[in-house]
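Here's the structure we're looking at; comments come further down.
Indexing begins at 1, ligand by ligand and atom by atom, following the structure's order.
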Amino acid sequence: MIVTIDGVAASGKSSVASGVARALGVPYVSSGLLYRAATLLGQEAGLDLTDAAELLLHLRSRPLRLEPLAGGNRVWQGDRDLTPDLHASGVDSGVSVVAAHPDVRAWVDGQLRALTAPFVAEGRDMGTNVFPEAPAKFYLTASPRVRAERRARERPEDVEAIEAALSRRDALDMAQSAPAPDAQIIDTGPLTLDGVIGVILAALPA
Ligand code: ADP
Ligand code: CDP
């Protein structure tokens with residue numbers, strides 16, 4: 001079976017997906033890493049990120065591999081592990097432009113749909129677009145402030161700058177970030193990480 005966990009930036013998707021997947025003994029898949037990898041490679045090649053055709057040509061020339069490890073997903077290009085560079089703030093600020101291109105979305109979706117179930121998939125449109133048939137769907141939210149405070153523990157920038165960048169990215173990602181009509185919405189603000197994982201595990205079909 002496939003469990004989908006979507007939500008806004010820094011709402012807890014990857015940490016929660018990792019915990020749920022561990023409890024179920026299945027892998028989890030971070031779709032955002034593929035958008036981040038596309039952005040990083042485009043930036044490194046000095047490409048115009050608004051030019052989808054040029055970017056896709058570049059991406060197809062040297063394929064990426066998403067490795068769905070339980071301890072944290074990794075993205076490889078040949079023997080280069082791109083993962084340590086994927087959460088730089090330069091990637092944060094370019095990724096929504098890349099993710100807005102329909103052809104880039106199709107490139108990511110194709111890679112995700114080729115994976116073998118069972119797994120937990122997290123991102124923005126796992127429950128709506130990529131795996132609409134999934135029997136268990138969740139959508140995580142939290143206020144911009146709570147999310148910025150959490151992310152500030154992982155980034156060098158201050159909380160105000162992070163909150164502004166998150167809100168900007170939420171707005172740019174709006175088109176692909178609507179919850180599925182059959183998703184359970186969870187505000188992670190008042191909950192601990194284990195609390196969110198527990199809510200999801202309790203809601204899964206037997
Ligand atoms: P996303 O994948 O949505 O960007 P992350 O999984 O990276 O979010 O979570 C951001 C941070 O918030 C992580 O360090 C995570 O441990 C922390 N966090 C703190 N409390 C919670 C909670 N109640 N639910 C989810 N994540 C939480
Ligand atoms: O962890 P965070 O929510 O900050 O980011 P992410 O999940 O790694 O996603 C990075 C970016 O990829 C998002 O801001 C979206 O622009 C894009 N994305 C998307 O469009 N669709 C997805 N399914 C996943 C990510």
Any N or O of His87 closer than 3.5 Å to N or O of ligand 2: no
Shortest protein contact, atom 12 (O) of ligand 2 (heavy atom only): Tyr35 CB, 3.5 Å
Selection from Thr128, Val95, Val130 by shortest heavy-atom distance to atom 11 (C) of ligand 2: Val95
Arg151 near ligand 2 by a heavy-atom separation under 4.0 Å: yes
Test: Arg155 and Glu163 ion pair at under 4.0 Å: no
Same apolar cluster (I L V M F W Y, side chains within < 4.5 Å links), Leu66/Trp76: no
Residue Ala99 vicinity, atoms of ligand 2 by number, heavy atom under 4.0 Å: 16 (O), 17 (C), 20 (O)
Nearest-neighbour protein heavy atom for atom 3 (O) of ligand 2, which is reported as residue plus atom name and distance: Lys13 NZ, 2.7 Å
Residue pair Asp194 / Thr192, side-chain donor-acceptor N/O under 3.5 Å: no
Min N/O separation Glu122 to ligand 2 under 3.5 Å: no
Spatial distance of atom CZ (Arg145) from atom OG (Ser167) [nearest 0.5 Å]: 10.5 Å
Shortest protein heavy-atom distance from atom 14 (O) of ligand 2, along with the residue and atom involved: Asp173 OD2, 2.5 Å
From Ser11 atom OG to Ile186 atom CD1, the distance as rounded to the nearest 0.5 Å: 10.0 Å
Option with minimal heavy-atom separation from atom 20 (O) of ligand 2, where the choices are Arg168, Gln176, Arg124: Gln176
Heavy-atom nearest neighbour of atom 5 (O) of ligand 2 within options Arg105, Glu154, Arg36: Arg36
Pairwise distance CG(Asn73) to CD(Glu67) - rounded to 0.5 angstrom: 8.5 Å
Contact residues of ligand 1, where a non-hydrogen atom lies under 4.0 Å away: Val8, Ala10, Ser11, Gly12, Lys13, Ser14, Ser15, Val16, Arg150, Arg151, Glu154, Thr188, Leu191, Thr192, Leu193, Val196
Between Ser31 and Glu122, a side-chain donor and acceptor under 3.5 Å: no
Under 4.0 Å to a heavy atom of Ala10 - the qualifying atoms of ligand 2, by number: 3 (O), 4 (O)
Met126: numbered ligand 2 atoms lying under 4.0 Å from its heavy atoms: 23 (N)
Any Ser14 heavy atom less than 4.0 Å from ligand 2: no
Ligand 2 atoms in contact with Gly123 (distance to a heavy atom under 4.0 Å): 23 (N), 24 (C)
Enumerated ligand 2 atoms positioned under 4.0 Å from heavy atoms of Ser31: 22 (C), 23 (N), 24 (C)
Leu204 vs Met1, side chain to side chain contact (heavy atoms under 4.5 Å, CB included): CA-CA, chis, key distance, verdict: CA-CA 11 Å; Leu204 290 180; Met1 111 158 152; 4.2 Å; yes
Non-hydrogen atoms of Gly90 and Gln43 that approach each other most closely: O-NE2, 3.1 Å
Pairwise distance CG(Leu86) to CZ(Arg36) - rounded to 0.5 angstrom: 7.5 Å
Intermediate values then yes/no, side chain to side chain contact (heavy atoms under 4.5 Å, CB included), Val8 and Leu140: CA-CA 7 Å; Val8 287; Leu140 307 186; over 6 Å; no
Test log, rule side-chain hydrogen bond (donor to acceptor under 3.5 Å, both in side chains), inputs Arg169 and Ser177: CA-CA 11 Å; Arg169 197 144 59 87; Ser177 301; over 6 Å; no
Contact check, side chains of Tyr28 and Val20, non-hydrogen atoms, under 4.5 Å: no
